[in-house]
Amino acid sequence: MSREFLPGQVIDYPYLWAWQHERGETEGRKARRTCVVVVVRSANDGLSHLALLAITTRPAQADRVAVEVSDIECRRAGLSDIKRCWIVVDEYNYDIAERSWYIEPHSKILGRFSKAFMMKIAAAFVEARASGRRVSRLD
């Protein structure tokens, strides 16, 4: 795969929610807009390890942690067609870009969040983990 993924990019990805995984499902039901949060290129094999956060149009329930996306960040990320959305930070999907069944080499990047907004997302993700909340990693 020749693409270089960057933090904050938004892609379509069949995100698997933790509740779906708990029911025994093995892949997301539909492609949804997903934010690439962390990209780590392995020194051993050169592969791109991705942490992917779901973007949803539903506000977070009381027991969940999500960050609301402002209008300007929606535009930057290619989400102008959505009136309101949130990035869920208390669970994530893990994938290796070069070995993924779901990421095509020439699939479209919808947009990218600003560095400042990504810092806010990263802080919320770290806080969710530090507070003892379950942060699900699904791969």
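The residues of the chain are indexed from 1 along the displayed sequence.
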Practice prompt. Output every pair passing ring-ring contact (aromatic ring centres under 6.0 Å, His included) with a member in residues 25-76, not counting sequence neighbours, ordered by first then second residue.
Written response: His49-Tyr94

Worksheet entry | Summary of ring-ring contact (aromatic ring centres under 6.0 Å, His included) pairs that have at least one residue in residues 28-48, sequence neighbours excluded | none

Worksheet item: Sub-3.5 Å donor-acceptor pair from the side chain of Ser107 to the main-chain atoms of Glu104, do we have one?
Response: yes

Discussion item. Quick check against the 3.5 Å criterion: does Gln20 have a side-chain atom that pairs as donor or acceptor with the backbone of Gly28?
Written reply: no

Heavy-atom check, side chain of [X] versus side chain of [Y], under 4.5 Å:
X	Y	result
Leu79	Cys85	yes
Gln9	Leu50	no
Arg32	Asp12	no
Trp17	Val88	yes
Val69	Ile87	yes

Discussion item. Please enumerate all residues that pass side chain to side chain donor-acceptor pair (under 3.5 Å) together with Arg112, with sequence neighbours excluded.
Written reply: none

Exercise: identify the closest heavy-atom pair between [X] and [Y]:
X	Y	answer
Val89	Phe125	O-CD1, 3.1 Å
Ala54	Thr34	N-CG2, 4.4 Å
Asp95	Ser100	OD2-OG, 2.8 Å
Asp63	Asp90	O-OD2, 4.1 Å

Discussion item. Between Tyr92 and Leu52, does the side-chain contact (heavy atoms from CB on, under 4.5 Å) criterion hold? Intermediate values first, please.
Written reply: CA-CA 5 Å; Tyr92 68 102; Leu52 304 156; 5.9 Å; no

Practice prompt. Report the residues that fulfil side chain to side chain contact (heavy atoms under 4.5 Å, CB included) with Arg75, sequence neighbours left out, ordered by chain and then residue number.
Written response: Asp71, Ile72, Ser80

Item to complete: Please identify each residue that fulfils side chain to side chain contact (heavy atoms under 4.5 Å, CB included) with Arg84, with sequence neighbours left out.
Response: Glu68, Trp86

Worksheet, complete the sentence: Tested for side chain to side chain contact (heavy atoms under 4.5 Å, CB included) against Leu53, the lone hit among Val37, Val67, Val36 is Val37

Worksheet item: Name the one of Leu6, Ile11, Val10 that satisfies side chain to side chain contact (heavy atoms under 4.5 Å, CB included) with Ile109?
Response: Ile11

Worksheet item: Out of curiosity, Glu98 CD to Leu47 CG, how far, rounded to the nearest 0.5 Å?
Response: 5.0 Å

Identify all side-chain donor-acceptor contacts of residues 113-123 below 3.5 Å with residues at least two apart in sequence or on another chain.
residue : atom : partner : partner atom : Å
Ser114  : OG   : Glu73   : OE2          : 2.6
Ser114  : OG   : Phe117  : N            : 3.1

Item to complete: Report, as yes or no, whether the 6.0 Å neighbourhood of atom CZ on Arg41 holds more than 12 heavy atoms from other residues, nucleotides or ligands.
Response: yes

Fill in: Side-chain H-bond candidate by donor/acceptor type, Tyr15 with Glu91, under 3.5 Å
yes

Discussion item. Here's a test for you: under side-chain hydrogen bond (donor to acceptor under 3.5 Å, both in side chains), which of Arg23, Arg29, His21 qualifies with Glu25?
Written reply: Arg29

